[in-house]
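I have placed the structure first, in the form of structure tokens, so that the comments after it can refer back to it.
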Amino acid sequence: MSVQRGGLGRVTHIIGEGLEGRIANRHLALFGLGFVGLFFVLPILLLIPESLSLGSTTPFESYRRVMNGIYVDAFVRSFLYGFVTTGVTLALAYMLSYFLAFSTERVRTAMILIIVPLWIAYIVRYFGILLFLSPAGPLADLTGFETDLLFTTPAVVIGLANVYLPFAVLPIYNSLNAIDEELVNASRVLGAGKWRTITKVIFPLSLPGLVAAGLIVFILAAGSFLGPAVLGGPKQTMIANVIAQAFLDNFNIQFASALAIVYTVLLVGLLLVFNTLFDLQEVLGNI
Amino acid sequence: MLEVDTFTKYYGELCAVEDLSFRIEEGEFVTLLGPSGCGKSTTLHAIAGLVEPTDGRIRLRGTDVTDLPPEKRNIGMAFQSTALFPHMTVRENIAYGLKMHGYSAADVEERVEESLELVDMPDHGDHKPGELSGGQQQRVSLARSLAYEPDILLLDEPLTGLDRVLREEMRGWLNRIQREVNVTTLYVTHDQEDALSMSDKVVVLNDGQAQQIDSPERIYESPANPFVAEFVGKSTQFNGTVTHENGQAVVYNDEKRIALPDSSIDDDQSVSLYVRPEDIEVSPKPTGAENEFRGIVTDIANLGNRAELSATLEDGSTALAHTTRFPDIDVDDDIFLRFPAERVIVL
């Protein structure tokens with residue numbers, strides 16, 4: 001190692017010397033918080049005045065319009081698809097994670113198969129499913145009959161579950177993998193068969209991962225935009241699609257803002273209900 | 001009661017246990033003793049049904065249980081990690097085995113309370129395992145494994161994580177519980193003090209093979225081979241070849257003559273000799289007795305009730321001797337060490 005510091009090294013050294021003792025961890029946190037505040041909290045807050053027609057006699061006009069049937073349908077559909085997708089995804093992810101955590105073979109390969117799709121853009125993956133399900137696609141070739149799946153609710157749920165599966169597998173796998181093998185052994189020796197060991201020991205201990213996975217998938221799925229746009233028909237329109245339409249097609253910023261605020265409030269409200277049921281702080285604190 | 005018959009376990013090419021056989025009688029406390037990786041834990045897991053033997057049979061109360069899953073064997077097991085279920089209270093942990101064994105709700109409740117009494121923790125039923133100390137967790141683990149009256153209790157290094165004082169306390173306590181419940185017990189440890197102080201019988205294992213199966217006294221006083229002599233207890237070691245002088249078997253070690261206890265041993269046999277530290281006497285002046293060596297004191301370790309003295313002999317080897325608590329000897333002193341011929345272990 002040479003003692004002499006060259007160009008860039010010298011510069012960073014001088015900067016380092018200058019900052020020494022003046023910067024603490026909390027200063028570093030400010031960068032992150034500042035970013036979130038500037039580009040997330042502030043824009044959301046700005047939606048509030050945007051959504052009101054201030055100065056007019058009916059400032060809540062947009063909100064009244066939100067109560068309209070087709071928009072209520074879109075809200076209900078969003079949360080419904082969110083729930084169904086979460087259920088399907090969690091079931092699939094749990095089985096997959098269980099295999100990964102308790103099987104000694106090919107875990108790496110399986111993990112790679114789960115992670116790699118994350119590198120591929122959503123739009124590509126949705127179009128892949130679109131092609132696969134299309135009446136002249138491989139599924140029809142393979143099974144011999146043309147399915148009517150495309151542009152239906154099942155198609156949207158298949159697409160969403162597929163895309164969000166990795167987000168569910170990782171936390172569930174983590175919590176299953178953290179279970180001490182001796183606990184499983186102890187359960188067996190104490191007289192519980194395989195199935196009862198799963199229900200009494202393994203499942204309860206994996207709950208934190210399951211709840212975390214459920215939250216992530218639900219929030220992502222309920223706010224989906226691409227999935228229903230590519231794989232769904234007019235009857236599968238979710239709230240994100242409606243907001244985008246109002247904003248981008250009709251340039252109705254006021255109405256789009258009102259929809260966005262109502263959606264955010266409903267989602268936060270739902271999470272609060274969820275919190276009282278599961279005590280998220282405790283469950284997630286154990287991850 | 002328990003019969004391990006030519007048990008063999010391979011992990012792929014790697015042999016963990018080879019052709020191990022031993023028996024445990026009703027009510028006995030038997031210890032599997034050996035260094036880590038000797039196969040003792042594998043053996044215990046095989047008895048519990050958690051490891052599938054490559055070869056050999058395991059019989060419990062006359063029934064071949066080799067192919068039974070763990071839950072059908074009626075075994076109690078305490079793990080080194082305690083393996084208490086972290087999401088259940090102490091009471092729920094103990095009730096678990098009882099429920100799985102088909103006890104009625106009333107019986108479960110009664111037996112849980114009895115078990116808590118047995119391990120002196122009647123007030124800790126509602127705690128979570130995480131709120132208990134290491135020793136308390138180990139006691140709950142024991143209560144859980146005994147609650148449903150298993151045919152045999154398997155203990156997998158339950159005292160390993162505990163500090164020295166607690167460990168000694170737990171030893172006596174464990175022995176008392178074992179006698180009180182009168183349960184046949186197989187204890188696995190790498191700690192010779194655990195093995196010698198608690199067991200009726202010790203199985204010394206090394207490299208997956210039984211080295212000696214005997215009472216603790218015999219293991220210590222008449223080890224079957226150099227491994228047992230060196231693994232169990234401390235000793236001073238000499239090597240040499242046997243010759244006979246006037247009918248007495250002797251070994252010459254660097255010009256020094258060591259008389260052996262038994263004259264029937266053949267000439268020209270290469271032997272290892274072991275002398276336990278408590279059999280070696282130390283004095284500042286030579287006494288002219290047989291088996292006397294000159295040495296220089298290198299260390300005096302006070303063990304509380306006695307001292308352990310290390311000395312370098314003239315041939316460069318190290319000798320260990322026990323002395324009174326405060327011997328009138330200092331480090332670097334010239335001393336003489338001697339031991340009676342009948343206390344020499346010849347292997």
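Residue numbers start from 1 in every chain, and the chains themselves are labelled A, B, ... in the order their sequence lines are given, proteins ahead of strands.
Nearest heavy atoms, L183(A) versus F85(B): O-CE2, 3.4 Å. The minimum heavy-atom distance between V189(A) and G76(B), with the atom names listed, is CG1-C, 4.5 Å. Counting all heavy atoms, side chain and backbone alike, M100(B) lies closest to A192(A) at SD-CB, 3.7 Å.
Of the inter-residue distances, the one linking M77(B) atom CE with L190(A) atom CG reads 10.5 Å to the nearest 0.5 angstrom. In this structure, E71(B) CD and S187(A) OG are separated by 8.5 Å, a value rounded to the nearest 0.5 Å. Atom CZ of R196(A) and atom OH of Y96(B) lie 7.5 Å apart (nearest 0.5 Å). Put simply, CG on D156(B) and CD on E182(A) are 6.5 Å apart, with the number rounded to the nearest 0.5 Å.
The environment of CZ in R164(B) is sparse: at most 12 heavy-atom neighbours from other residues, nucleotides or ligands sit within 6.0 Å. Residue E25(B) qualifies as enclosed at atom CD: its count of foreign heavy atoms under 6.0 Å is above 12. In this structure, E131(B) places its CD atom where more than 12 heavy-atom neighbours from other residues, nucleotides or ligands lie under 6.0 Å away. More than 12 heavy atoms of other residues, nucleotides or ligands shown are found within 6.0 angstrom of CD on E180(B). Heavy atoms of other residues, nucleotides or ligands lying less than 6.0 angstrom from CZ of F35(A) number 12 at most. Around atom CG of D5(B), more than 12 heavy atoms belonging to other residues, nucleotides or ligands sit under 6.0 Å away.
Contact annotation for L154(B): neither backbone nor side-chain heavy atoms come within less than 4.5 Å of a heavy atom of chain A. Only the side chain of D180(A) has a heavy atom closer than 4.5 Å to any heavy atom of chain B. Contacts of L50(B) with chain A are made by side-chain atoms alone, with heavy-atom separations under 4.5 Å and no backbone atom involved.
A distance-only check finds a donor-acceptor pair linking the side chain of H87(B) to the backbone of K200(A) [under 3.5 Å].
Residue with the most contacts toward chain A among P150(B), S81(B), A48(B): S81(B) (heavy-atom pairs, distance under 4.5 Å).
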